[in-house]
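We're numbering straight along the sequence, starting at 1. Because only heavy atoms are used, hydrogens play no part in the values below, and waters and symmetry mates are left out as well, while side chains stay in.
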Amino acid sequence: MATIGDVAREAGVSRSTVSSVLTGRKYVSPETRAKVDAAVAKLRFSVNAGARALATSRTMALGVVVGFHEAEFSPALAAYLIALSDAAREQGYSVVLLTEPDGVEAVRRAISGRQVDGLILLNVVDDDPRLEPINDARYPAVLLGMPQDTRGVDAVDLDFAAGAAALVDHLADAGHREAVFVQWPEELYASGSTYANRFASAARERAERRGLRLVPVPVPVGPEQVRETLRAVLQNPENPHALLIHNDAAVAMLPFALHDLGLEVPADRSVVSLHAAELARLYVLSFTSVESEPVVVCQAAVEMLAKRIASPGSPAQKRLIVPHLESKGSVETAS
């Protein structure tokens, strides 16, 4: 039977590094962790998870607190949940979903019962009430979202402001001077949703600087409602022919609405959007876009939380993932 020393020699690391990977007591880089994991698999080394948890007073589980708003698009959320689960597994953790409607109480219960080693908060809003019990207990946590005030809690997210600016610039550079701004339902902005408000604010600011008039149109997320709303938008002769979209349900349904009306992109409409690559594959979207990078964002969040668990007293970190625009020829040069 292989020993921890055998694993260390196979991976080319110290015994203490192997121990850190197996117990989660210290942060280990993904590259080193991969070497240890490969050695463990090759040597068929096994460790009793229950004994490890007892020895370290850890659950080796991360709590993902989901505060899903009815105005959001569930397939987009699923991409983040899958990415978080994969990233946690790579760090030696399992994931526990905390989906109770009362997010504050769910956080309090997880902390008081020591159900998980740390928390990841999704659907973050400004002045998020879930931060109060986390701050009171000084519990390891990461926000997957960037409120104006993180209140000393680690936070990571896509740079939605930069993404909005890139999309506006793409339309303006092609000569467009006006565009329909397809937005989330108004209640999502009113809730304080950080990603929605950051994108919208940056889009308006950049459009004003570039001389691009935006016509805001909130679109619901129900399949039939969004399709009907998009058809009305596309049929209105007073609306611009360019579309800037930040609404996952809308971009998913847009090809159907275009087909209903016999319209083509870019001949009849120019389209740019921010959405996940997984959503593009699922709905066969071929629009110029900024990718929301759920995998990169979630990996960063889990790594940040693993460091926080290992070093609870270190300064809080904030990280914005740089977005990238992928041109797919969905914008025609305006005359």
- Query: So, are Lys42 and Glu10 salt-bridged, with charged N and O less than 4.0 Å apart?
  - Reply: yes
- Does the Asn123 side chain pair with the main chain of Val66, one donor and one acceptor, at a distance under 3.5 Å? no
- Query: Is the count of non-hydrogen atoms from other residues, nucleotides or ligands lying under 6.0 Å from Glu208 atom CD greater than 12?
  - Reply: no
- Query: So, Asn247 side chain and Gln183 main chain: donor-acceptor pair closer than 3.5 Å or not?
  - Reply: yes
- Message: Taking Ser16's backbone N and O only, do any of them form a donor-acceptor pair with Ser20's side chain (distance below 3.5 Å, no angle check)?
- Response: yes
- Parallel, tilted or perpendicular: ring planes of Phe160 versus His246, cut at 30 and 60 degrees: tilted
- Can you list every pair that meets side chain to side chain donor-acceptor pair (under 3.5 Å) and has a residue in residues 318-328, with sequence neighbours left out? none
- Query: Just wondering, more than 12 heavy atoms not from Arg177 lying within 6.0 Å of its CZ?
  - Reply: yes
- Task: Search all heavy atoms of Ala203 against all heavy atoms of Leu214 and return the closest pair with its distance.
- Result: O-CD1, 3.7 Å
- Would you say Asn197's side chain and Tyr189's backbone share a donor-acceptor pair under 3.5 angstrom? yes
- Task: Can you establish whether the number of heavy atoms outside Asn135 located under 6.0 Å from its atom CG is more than 12?
- Result: yes
- Item | Whether over 12 other heavy atoms sit under 6.0 Å from Glu228 CD | no
- Query: When you look at CZ of Arg151, are more than 12 heavy atoms from neighbouring residues, nucleotides or ligands closer to it than 6.0 Å?
  - Reply: yes
